[in-house]
Asker: 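Structure provided below as structure tokens; questions to follow.
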2 protein chains.
Amino acid sequence: MSLDGLPHHRGGAEALARLLARALLAGRWQPGDAFPRELDLCTHFAVSRNQVRNALASLTATGLIERTAGRGSRVREVSEWHLLDPLISDWMTGIESLDPKLVREIFAFRYSAEPVLARLAAQAAEEADLERLEAAFHGMTRTAASPEARNQHVEYDVAFHDAIYRASHNLVWRQMGHLLRPSIIALIQGSQAQVHRFHDGLDDSLTRHGRVLEAIRRHAPDAAERAAREVLRRTAIDLGIVTDTHPVIASATEPES
Amino acid sequence: MSLDGLPHHRGGAEALARLLARALLAGRWQPGDAFPRELDLCTHFAVSRNQVRNALASLTATGLIERTAGRGSRVREVSEWHLLDPLISDWMTGIESLDPKLVREIFAFRYSAEPVLARLAAQAAEEADLERLEAAFHGMTRTAASPEARNQHVEYDVAFHDAIYRASHNLVWRQMGHLLRPSIIALIQGSQAQVHRFHDGLDDSLTRHGRVLEAIRRHAPDAAERAAREVLRRTAIDLGIVTDTHPVIASATEPES
DNA sequence: GCCTATTAAATGTCTGACATTTTGGCAAGC
DNA sequence: GCTTGCCAAAATGTCAGACATTTAATAGGC
């Protein structure tokens, strides 16, 4: 596989790794293909072998490629990629068209996890957490009216969810929030792409977010859990995953013995 | 901070990284402390600067340390560690003295997440999942009697939890299960280190696991959620995080308005 | 035809020198 | 006395070249 078409780059090994990684994520090479040799990369990008080796080390660390002495470098199967690795999350930022199947998977995770997370936040939130939440919510209400401030609105929305992850005061949950951040951005952008949200849906979304904030401020775990589930239900509607009348996500009904 | 007490090592940069990482995870240095310089590491371990640099590159990639030209290397805050990185998961395997603070954090996550996970598993489990669960549970009961089969018992216990993660049939949860696997091993080993477990605690643990399996087989989400919480309560007791009479983990009681 | 020794190619490793960044000290000047 | 500027020391970052090791292919001998 040649290197034709790849742009030149500025900066050190990190920039080179990012460039190559995005080419891989975009499908420039297929799994199993041979990856260019070190020396070819050196000449093509006009960098030292050290830079190339550092960049390739990042690619192997994230499971994108596999290197063996004497044989060369090969692209690994997609299932082997460490999709939750912070490096990959970073490289993914700015990629718009996510796989719909992936969207459903990630949303299903959030739908099961974030209500519990909101419960934790209601139990553990401190003053600084409440301030972050309120700042984000205030920003959301401010930018809700004007459709031209859509990007800002998304940012505040993401900040709101991130603040909940942080308010849990648990290391692992915070990591999850960090790792899922790009996916959450994609989900929110996808949900806002629906036109009908800008007529009546946005107000509804705002009130549901507000109820979460209020429950966390009151330190009411049960209420926070319910409110968070309502927020995600709204998102599901906007994403087209469920309709108001026909929920696809399994409900709480249960066939006890 | 000196290097006294650290064992020598065999093998390449990976082994050195593992050694240093385990020392970090065990709390040998505090966040903010200065990490030994490259040349000191070279002389102490009698390896080339290349090996040291490769090892330190892994430590920075996982967020354990932070390096700046001219200033040296410093230990980062625990909240900055990429606890879900496969490398860290790998380094955690077989570690005996995990930082107690870290144990609490990971356990707190599992205590909040796995009940919901069990609920998902009860909804989505298929035949293959049930077979995995039953095989693991059967192995646990078989190896429970003889204390010399402790390692096998741990393996079956881990397999049981892993099977639950898989049964959720969600991509993100499965990745979580894979990443948390070493931590779960460490937690289980830690819980079994308590002597009293081998008198009456082990039977109790077995019955609680059995209730989870039964609920999942009946596709009863609520029961599965309750049963999973009971399993973790047992683990908490064995870990010494809570006592039977004085739970430290926040309960479900709630001061609604 | 099969096994083996050789060779070529690619990644891995070592070494020494040099570059860059940070920090602290020291001294001149206001 | 305080600031400013410069220089030197220390630590990490980078480079270039040679060499080692692994892998795969290939030619040769039986």
Side-chain angles (χ1 to χ4, degrees), chain A residues 1-3 8-21 23-24 29-76 80 87, chain B residues 1-3 6 8-21 23-24 29-76 80 87 90:
Chain A
M1 273 298 157
S2 77
L3 291 163
H8 290 273
H9 79 301
R10 308 159 150 279
E14 295 170 16
L16 179 56
R18 180 183 181 83
L19 192 153
L20 293 172
L24 278 163
W29 292 279
Q30 293 304 308
D33 282 0
F35 200 75
R37 299 168 317 197
E38 290 183 353
L39 293 180
D40 288 346
L41 293 169
C42 290
T43 61
H44 182 81
F45 293 106
V47 293
S48 74
R49 195 173 161 223
N50 237 336
Q51 307 252 30
V52 170
R53 282 185 61 77
N54 285 339
L56 294 185
S58 296
L59 298 187
T60 56
T62 49
L64 264 56
I65 66 174
E66 178 186 22
R67 316 191 69 203
T68 39
R71 218 181 51 176
S73 311
R74 306 185 83 107
V75 180
R76 298 185 70 178
E80 304 291 327
L87 273 178
Chain B
M1 271 301 161
S2 79
L3 292 163
L6 285 184
H8 289 272
H9 82 302
R10 306 163 147 280
E14 296 170 15
L16 180 56
R18 180 183 180 85
L19 192 152
L20 294 173
L24 278 164
W29 292 278
Q30 292 304 307
D33 282 0
F35 199 75
R37 299 169 315 196
E38 288 184 354
L39 293 181
D40 287 346
L41 292 169
C42 289
T43 60
H44 182 81
F45 293 106
V47 294
S48 74
R49 193 168 161 229
N50 237 336
Q51 306 251 33
V52 170
R53 281 186 63 75
N54 286 338
L56 294 185
S58 296
L59 298 188
T60 55
T62 49
L64 291 179
I65 66 173
E66 178 187 23
R67 315 190 67 202
T68 37
R71 217 180 52 177
S73 311
R74 306 184 80 99
V75 180
R76 298 184 70 178
E80 304 292 328
L87 273 179
D90 182 32

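Protein chains get the first letters and strands the later ones, always in sequence-line order, with residue 1 at the start of each. All figures in this text were calculated on a predicted structure; none of them were measured in a lab.
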Asker: May I have the distance from B/D40 (atom CG) to D/dA11 (atom C1'), rounded to whole angstrom?
Answerer: 11 Å
Asker: Is there a side-chain contact between A/F45 and A/L19 (heavy atoms, below 4.5 Å)?
Answerer: yes
Asker: What about B/R49, does its side chain sit under 3.5 Å from the base of D/dG13 through a donor-acceptor pair?
Answerer: yes
Asker: What's the closest nucleotide to the side chain of B/R71 if the choices are D/dT23, D/dT12, C/dT22?
Answerer: C/dT22
Asker: To the nearest Å, give me how far apart CG (B/L56) and P (D/dT14) are.
Answerer: 14 Å
Asker: Let me know the distance between CZ of B/R74 and C1' of D/dT12, rounded to the nearest Å.
Answerer: 14 Å
Asker: Okay, side chain of B/R67, backbone of B/S73: is any donor-acceptor separation there less than 3.5 Å?
Answerer: no
Asker: What's the CZ-C1' distance between B/R53 and C/dG16, to the nearest Å?
Answerer: 14 Å
Asker: Given C/dT15, C/dT11, D/dG13, which nucleotide is nearest the side-chain atoms of A/R37?
Answerer: C/dT11
Asker: Report the distance from atom CD of A/E66 to atom CZ of A/R76, rounding to the nearest 0.5 Å.
Answerer: 5.5 Å
Asker: Could you state the CG-P distance from A/L16 to D/dC15, rounded to the nearest angstrom?
Answerer: 11 Å
Asker: With heavy-atom distances below 4.5 Å as the criterion, would you say the side chains of A/L41 and A/L56 are in contact?
Answerer: yes
Asker: Can you identify which nucleotide, out of D/dC15, D/dG13, D/dT23, has its nearest atom closest to the A/S48 side chain?
Answerer: D/dC15
Asker: In whole angstrom, what separates A/R67's CZ from C/dA9's C1'?
Answerer: 14 Å
Asker: So does A/S73 get a side-chain nitrogen or oxygen closer than 4.0 Å to the phosphate oxygens (OP1/OP2) of C/dT11?
Answerer: yes
Asker: Look at the side-chain N and O atoms of A/T68 and state whether any lies under 4.0 Å from the OP1 or OP2 oxygen of D/dT22.
Answerer: no
Asker: Would you kindly give the CG-to-P distance between B/L39 and D/dA9, to the nearest whole Å?
Answerer: 17 Å
Asker: Tell me which nucleotide among C/dG12, D/dT14, D/dG13 gets nearest to the side chain of A/N50.
Answerer: D/dT14
Asker: CG/B/L59 to CZ/B/F35 distance, rounded to the nearest 0.5 angstrom?
Answerer: 5.5 Å
Asker: C/dT13 P sits how many Å from A/N54 CG, rounded?
Answerer: 13 Å
